[in-house]
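Letters go in sequence order (proteins before strands), and every chain restarts at 1.
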Number of protein chains: 2
Amino acid sequence: MPRGATLRDVADRVGVSPRTVSRVVNDEGGFSEVTRVRVLEAVEDLGYQPNMLARGLITHRSGTVGLVGVDMTDPFFPAMAEGIQNAARETGRTIFFASNDGDSQRQAEVFRSLWSHAVDGVIVFPAPGTIDQLAGYARRGMPLVVVDDIVEFPNLASVSFDLEDGAVQAAQHLLATGRRRIGMIGSEITVPRTRRRERGFYQAFESPPVGAELPELVRVQPTVSGGAAGLQKLLERRPDLDGIFAYNDLMAVGAMRAAQASGYRVPDDIAIVGCNDIEMSALLNPGLTTIRLDRPRLSAEAIRVLHELIEEPTSNPTPLVLPVELVIREST
Amino acid sequence: MPRGATLRDVADRVGVSPRTVSRVVNDEGGFSEVTRVRVLEAVEDLGYQPNMLARGLITHRSGTVGLVGVDMTDPFFPAMAEGIQNAARETGRTIFFASNDGDSQRQAEVFRSLWSHAVDGVIVFPAPGTIDQLAGYARRGMPLVVVDDIVEFPNLASVSFDLEDGAVQAAQHLLATGRRRIGMIGSEITVPRTRRRERGFYQAFESPPVGAELPELVRVQPTVSGGAAGLQKLLERRPDLDGIFAYNDLMAVGAMRAAQASGYRVPDDIAIVGCNDIEMSALLNPGLTTIRLDRPRLSAEAIRVLHELIEEPTSNPTPLVLPVELVIREST
DNA sequence: AAGGATGGCGTCAACGTTGACGTAAGTCAA
DNA sequence: TTGACTTACGTCAACGTTGACGCCATCCTT
């Protein structure tokens, strides 16, 4: 790209030094009203835009934030990214985006690249099993916010949803609406998230209503086809299941389709509860009962915590866990 | 962020000049094998990462590409962004992401910011009515690829889908499956895209099969609720419609739900064809017949064209229009 | 043996900006 | 009137890197 006007160009036109133009542009004070007006006119005329590379080189602030996701095509992600991007823009920062593909190696590459570009901080949806890696970056001084997972490491902030409670709510709802033979389709991916959801699910059965039987659990891939496979497996074990809680909405969709394909009516024969409340869930037929996560809130909190960390690198924020909410639609 | 090791740190440890380290790191040649090995060892030991700000300042290549979308939550977008991001990574570039919110003002802000950050080029899903604005950036030397819209401006590349043909295919499919009273739910957003789809739609009626009546058209917001509203309007005009083509899948979903809510069976009473083949469309009940756009291909082509433009700024690529394909599911 | 080419470095300046510091003119209090 | 302070600038160096160029061995050619 051709280079645009520089401080020197503006300075020459006005007849002051570049330093003075810099002061005006950054509103540092130390200039007269007359100078200010003339400089800003020249800035306008020449279409001057500060060069963030040069500025960042000296201030060690690049005005950028990294956003590392597992995979952009996860339907949970876009709303998060949009919120984060908007929040970042309000503080004058631009977003570097990169996927880690759920792979620690790739995530390391991504972080090397972001470090090279001198990002001011990073918000990351961690690849499974990479908390230590991330803690390493944080220790080296990179402001880092882990999203969607609870981590307890010094210098490593985290913002997440209370999915344990979400699982409790889902199971209780199934029990409260009269379901007695309930299965959970969990995720085989071994992250703390998974365990927490399962723990919450079982917790709801600690003092079960009369007639409730011990729940079933299968672990499958967290995808639509995984959900379908999970439902098949559960029905093989217990063809009389009447309630399902799925690890996420995609799996719930898969389970719903598989159930319908096997001749079960939803919700008459079998009720299904998902988790995440992705956009699609309200549009299904029947609409999916699910656990709503307030993603705009999570975005806002993540950026807020990150900015705290950038401004105050020594601060040690406590993990933030946001409440979740059951949304009842037609699938239960 | 704290700064990492620099060329000087590496140089001091090895006992050579920073210039030599730079040569090794960039594999420019002009160093001995012994030096190469010792430098790379030191690079490894110190965890040296080149500072892209400093490098970009002097080379005028920042190793970044801007990706400007209308809105990340458009279900059409994530797969594109993921593909673009992966393709960019292979060439060692990182993606700056920003939304224009479909607003020209905001888009201008976004471009100012990207210019400030010295991006090597930009891929943009243009906000409606901003082609002139974009042509301006291209004229000033910014390598720019417009995606999802055909533009014929010098210096401004474009990559898009043949949605005119998509509309032809959709309409012909409806006619071929015996539908005779067909409506189109168009978008009220006045971009060339919209017109092209409508033109293709009407084109299919230029030599209609016997019994086919003149098609109906409404224009509504390109959203789920817009689609529902559009279907209502169409049915008010002609309650005996038996086929619908919607501008996009979200509208098709809205139309499908509205039709079902009004007691119409899909596809028995009324057939529905969407456009885009977003992930959700295969998961609906019934599955949505729609026009599939090869988004991975579009991503790849967009990055390819952009790189050509970056390497060869004077080249003037012709607009690229990719073929589309009808996917028949249960809604027709 | 002289001349030229080549390999393997080093030196210096520059990219565009800001931090640190200097300075001249003006203001104010004692 | 003097000294201290303030305002409104300017000067210089530095951030980390690379482009341009220079230099000294070494090697080859004739």
Side-chain angles (χ1 to χ4, degrees), chain A residues 1-40 42-43 46-64 92 112-113 115-120, chain B residues 1-40 42-43 46-64 92 112-113 115-120:
Chain A
M1 283 222 320
R3 32 195 189 159
T6 69
L7 281 184
R8 157 148 278 101
D9 298 329
V10 178
D12 287 350
R13 167 176 274 233
V14 178
V16 295
S17 76
R19 192 64 185 82
T20 295
V21 178
S22 169
R23 277 190 267 253
V24 172
V25 168
N26 294 337
D27 204 21
E28 288 178 34
F31 46 81
S32 67
E33 177 61 17
V34 177
T35 304
R36 190 183 71 84
V37 170
R38 298 188 53 216
V39 166
L40 290 182
V43 162
L46 297 173
Y48 168 78
Q49 284 289 122
N51 183 323
M52 300 301 266
L53 302 187
R55 180 182 283 178
L57 191 54
I58 182 160
T59 61
H60 295 282
R61 291 279 170 99
S62 63
T64 62
R112 263 198 296 281
S113 163
W115 183 280
S116 255
H117 285 286
V119 291
D120 297 336
Chain B
M1 284 221 321
R3 30 191 192 164
T6 70
L7 283 184
R8 157 148 275 101
D9 298 329
V10 179
D12 287 350
R13 167 178 276 234
V14 178
V16 295
S17 76
R19 192 63 186 80
T20 295
V21 178
S22 168
R23 277 191 266 255
V24 172
V25 167
N26 295 336
D27 204 20
E28 289 177 35
F31 45 81
S32 68
E33 177 62 17
V34 178
T35 305
R36 191 184 70 83
V37 170
R38 298 187 53 215
V39 166
L40 290 182
V43 162
L46 297 173
Y48 167 79
Q49 285 291 123
N51 182 322
M52 301 301 265
L53 302 188
R55 179 182 284 178
L57 191 54
I58 182 159
T59 61
H60 295 282
R61 291 279 169 99
S62 63
T64 62
R112 263 198 295 280
S113 164
W115 184 279
S116 255
H117 285 285
V119 290
D120 296 337

Note down the inter-axis angle between the two ends of the helix from C:dA1-D:dT30 to C:dA30-D:dT1, five pairs each, to the nearest 10°. 40°

With sequence neighbours excluded, what pairs up with A:Arg55 under the side chain to side chain donor-acceptor pair (under 3.5 Å) test? A:Asn26

The complete set of salt bridge (charged side-chain N to carboxylate O under 4.0 Å, His left out) pairs with one or both residues in residues 5-20 of chain A, sequence neighbours excluded, reads A:Arg13-A:Asp45, A:Arg19-A:Glu28

Which residue, A:Pro50 or B:Arg36, contacts DNA chain C at a nucleotide closer to its 5' end, judged by nearest heavy atom? B:Arg36

Answer yes or no: does atom CZ of A:Arg23 have more than 12 heavy-atom neighbours from other residues, nucleotides or ligands under 6.0 Å? yes

Verify the contact: side-chain N or O of B:Thr20 to OP1 or OP2 of C:dG10, cut-off strictly under 4.0 Å; return yes or no. yes

Side chain to side chain donor-acceptor pair (under 3.5 Å) partners for A:Ser32, two or more places apart: A:Thr35

By salt bridge (charged side-chain N to carboxylate O under 4.0 Å, His left out), B:Arg36 pairs with (sequence neighbours left out) B:Glu33

Enumerate the residues from residues 5-17 of chain B whose closest heavy atom to DNA chain D is under 4.0 Å, giving them by residue number; use none for an empty result. B:Thr6, B:Leu7

Please check: side-chain N/O of A:Asp120 versus main-chain N/O of A:Ser62, any donor-acceptor pairing under 3.5 Å? yes

Please determine whether a side-chain nitrogen or oxygen atom of B:Ser22 lies at a distance below 4.0 Å from atom OP1 or OP2 of D:dT18. yes

Less than 4.5 Å apart, side chain to side chain, heavy atoms only: is that true for B:Thr64 and B:His117? no

Integer-rounded Å distance: C:dT17 C1' and A:His60 NE2: 12 Å

Rounded to whole Å, please give me the gap between CG in B:Asn51 and C1' in C:dG16. 14 Å

Between D:dT17 (C1') and B:Ile58 (CD1): distance, integer Å: 6 Å

What integer distance in Å separates A:Met52:CE from C:dC15:C1'? 17 Å

What is the distance from CG of A:Leu57 to P of D:dC15, rounded to the nearest Å? 9 Å

D:dT18 C1' sits how many Å from B:Leu53 CG, rounded? 15 Å

In residues 26-35 of chain B, what residues come within less than 4.0 Å of DNA chain D, judged by heavy atoms? B:Asn26

Distances under 3.5 Å between nitrogen or oxygen atoms of protein and nucleotides 20-23 of chain D:
none

Report yes if the side chains of B:Ser22 and B:Val25 come closer than 4.5 Å at any heavy-atom pair, otherwise no. no

Is A:Val21 close to A:Tyr48 at the side-chain level, that is, under 4.5 Å between some pair of heavy atoms? no

When you compare the protein's N or O atoms with those of nucleotides 23-26 of chain C, which come within less than 3.5 Å of each other, and at what distance?
none

